[in-house]
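One structure is given below, represented as structure tokens, and several questions about it will come after.
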Amino acid sequence: MAYAPHLPVETERLRLRSFTRGDVDAVFDYRRREDVARYLFDGPMSHESVAEALQARVGHDTLDGDGSKIFLAVEHKATHQLIGEVSLILRDAANRQGEIGYIFHPDHHGHGFATEAARALLEMGFAGAGLHRIYARCAAANTDSWKVMERLGMRREAHFREHIFVRGAWDEEFVYAVLESEWRAGAGR
Ligand SMILES: CC(C)(COP(=O)(O)OP(=O)(O)OC[C@H]1O[C@@H](n2cnc3c(N)ncnc32)[C@H](O)[C@@H]1OP(=O)(O)O)[C@@H](O)C(=O)NCCC(=O)NCCS
């Protein structure tokens, strides 16, 4: 299978588009922050590492094999401001399993933007890429993140206790998922 969304994808308030080199400062503005990195595996990022990461994302706009990724910048339509990023990863092509992720600038938390963008990702994954199941993972303490998953109609499938030792402490992980049939039946809407 190969799937590339027709970009940009527009939702009510957002535009999901490919990253460009011109996005480095806007992405650095949130990826440098300790509060944003708190529950991410990468710590706060330097300007240079953000530039390298964005360079590596150029061309990541197709799902065409295990581990292939679509990384999208999320722009607020009304202001054209880049407010966050989302990802859709093909984890297992044979079994049509995908994973979503999201990171938003704290100035734009609390408006439902992450949920709105992630909903568009689920639609891409199911209707576009023909996925059967899409999951998301987060630190159990990352309440804001798993609340997004619950708003999306995803079910908590697992709570992995102390599954990895990260930054000096054992991590607890939640796994949430939604099936294509559940999505079609209206989960999360
Ligand atoms: C995870 C993260 C994206 C969640 O952001 P968020 O702003 O809480 O999520 P949403 O954009 O969906 O907004 C939901 C909030 O907006 C409120 N809201 C306001 N208008 C809304 C609308 N139109 N639709 C939905 N929710 C709305 C909701 O009530 C909710 O607030 P609450 O949590 O107080 O109930 C954010 O915390 C983040 O970027 N964290 C740092 C990176 C990170 O940890 N990423 C996840 C890694 S697993």
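Computed from heavy atoms alone, side chains included, the values below leave out hydrogens, waters and symmetry copies.
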Heavy-atom check, side chain of Arg133 versus side chain of Glu157, under 4.5 Å: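 The answer is yes; the side chains approach within 4.5 Å.
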Please examine the side chains of Met45 and Arg32, heavy atoms only from C-beta on, and report whether any two atoms are closer than 4.5 Å.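 A side-chain contact is absent here, since even the closest heavy-atom pair is not under 4.5 Å.
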To the nearest 0.5 Å, tell me how far Ile103 CD1 sits from Glu85 CD.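 Between Ile103 CD1 and Glu85 CD, I get 4.0 Å after rounding to 0.5 Å.
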Less than 4.5 Å apart, side chain to side chain, heavy atoms only: is that true for Tyr3 and Met124?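 Yes, close enough: below the 4.5 Å cut-off.
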In terms of the angle between their ring planes, are Trp146 and Tyr176 parallel, tilted or perpendicular, with boundaries placed at 30° and 60°?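 Taking Tyr176 first and then Trp146, their aromatic rings lie parallel (interplane angle under 30°).
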Considering only heavy atoms from C-beta outward, does the side chain of Ile89 approach that of Ser68 to under 4.5 Å?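 When only atoms from C-beta onward are counted, Ser68 and Ile89 do not touch, as no gap falls below 4.5 Å.
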Check Arg161 with Glu173, please: is the shortest side-chain N to carboxylate O separation under 4.0 Å?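 The answer is no: the pair does not qualify as a salt bridge.
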Interatomic spacing from CG in Leu16 to CZ in Phe71 - rounded to 0.5 Å: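 Here the rounded value is 13.5 Å.
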Quick one: are Leu40 and Arg31 in side-chain contact, heavy atoms under 4.5 Å?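 Yes - at least one pair of side-chain heavy atoms lies under 4.5 Å apart.
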Salt bridge or not between Asp61 and Lys69? Use side-chain N to carboxylate O under 4.0 Å.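 Result for this pair is no, no salt bridge flagged.
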If we only count heavy atoms from C-beta on, is the Phe126 to Val178 side-chain gap below 4.5 Å?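 Side-chain contact under 4.5 Å: yes.
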So with a 6.0 Å cut-off around CZ of Arg21, is the heavy-atom count from everything else above 12?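 No.
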Which residues satisfy the side-chain contact (heavy atoms from CB on, under 4.5 Å) test with Tyr39, sequence neighbours excluded?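 Residues passing side-chain contact (heavy atoms from CB on, under 4.5 Å) with Tyr39: Ala139, Ala141, Asn142.
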In sequence, state the C-alpha distance, the side-chain angles, and the governing distance for Ile100 and Val86, and then conclude on side chain to side chain contact (heavy atoms under 4.5 Å, CB included). CA-CA 7 Å; Ile100 58 166; Val86 290; over 6 Å; no
Quick check: do Leu14 and Ile83 have side-chain heavy atoms less than 4.5 Å from each other?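 Leu14 vs Ile83: side chains touch.
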Output yes when Arg119 and Glu123 qualify as a salt bridge under the 4.0 Å nitrogen-oxygen rule, no when they do not.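 Looking at Glu123 together with Arg119, the answer is no, because their closest N to O distance does not fall below 4.0 Å.
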May I ask you to say whether Glu12 pairs ionically with Lys77, meaning some side-chain N is under 4.0 Å from a carboxylate O?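 Lys77 and Glu12: not salt-bridged.
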Hey, are Thr115 and Tyr102 close enough side-chain-wise for a donor-acceptor pair under 3.5 Å?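 Short answer, no.
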Would you compute the distance between atom CG of Leu88 and atom CG of Leu63 and round it to the nearest 0.5 angstrom?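 One gets 5.0 Å once the value is rounded to the nearest 0.5 Å.
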Restricting to side-chain contact (heavy atoms from CB on, under 4.5 Å), what partner residues turn up for His80, sequence neighbours left out?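 Listed in chain order: Arg15, Glu75.
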First locate atom CZ of Phe174, then atom CE of Met154, and finally report the distance between them rounded to the nearest 0.5 Å.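 CE of Met154 is found 14.0 Å from CZ of Phe174.
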Who are the side-chain contact (heavy atoms from CB on, under 4.5 Å) partners of Ala26, not counting sequence neighbours?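 Ala26: side-chain contact (heavy atoms from CB on, under 4.5 Å) contacts with Leu82.
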Could you tell me whether a side-chain N or O of Glu116 sits under 3.5 Å from a main-chain N or O of Arg13, the two making a donor and an acceptor?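 Yes; at least one donor-acceptor contact below 3.5 Å.
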Heavy atoms from other residues, nucleotides or ligands near CD of Glu48 exceed 12 (cutoff 6.0 Å):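 No, not enclosed.
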Check this for me, if you would: do Arg155 and Glu150 make a salt bridge, where the nitrogen-to-carboxylate-oxygen distance has to be below 4.0 angstrom?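 The answer is no: the pair does not qualify as a salt bridge.
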What about His109 and Phe104, are their ring centers closer than 6.0 Å?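 Centroid distance His109-Phe104: not below 6.0 Å, so no.
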In terms of heavy-atom contacts, does CZ of Arg38 have more than 12 from other residues, nucleotides or ligands at under 6.0 Å?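 Atom CZ in Arg38 is not crowded, with 12 or fewer foreign heavy atoms closer than 6.0 Å.
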With a 4.0 Å cut-off on N to O distance, would you call Arg17 and Asp23 a salt bridge?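 Salt bridge between Arg17 and Asp23, a charged N being under 4.0 Å from a carboxylate O: yes.
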Do His132 and Asn95 have a side chain donor and acceptor closer than 3.5 Å?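 Result is no, nothing qualifies.
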Taking the side chain as everything from C-beta on, heavy atoms only, tell me whether Arg151 gets closer than 4.5 Å to Val148.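 Side chain of Arg151 against side chain of Val148, heavy atoms only: contact under 4.5 Å found.
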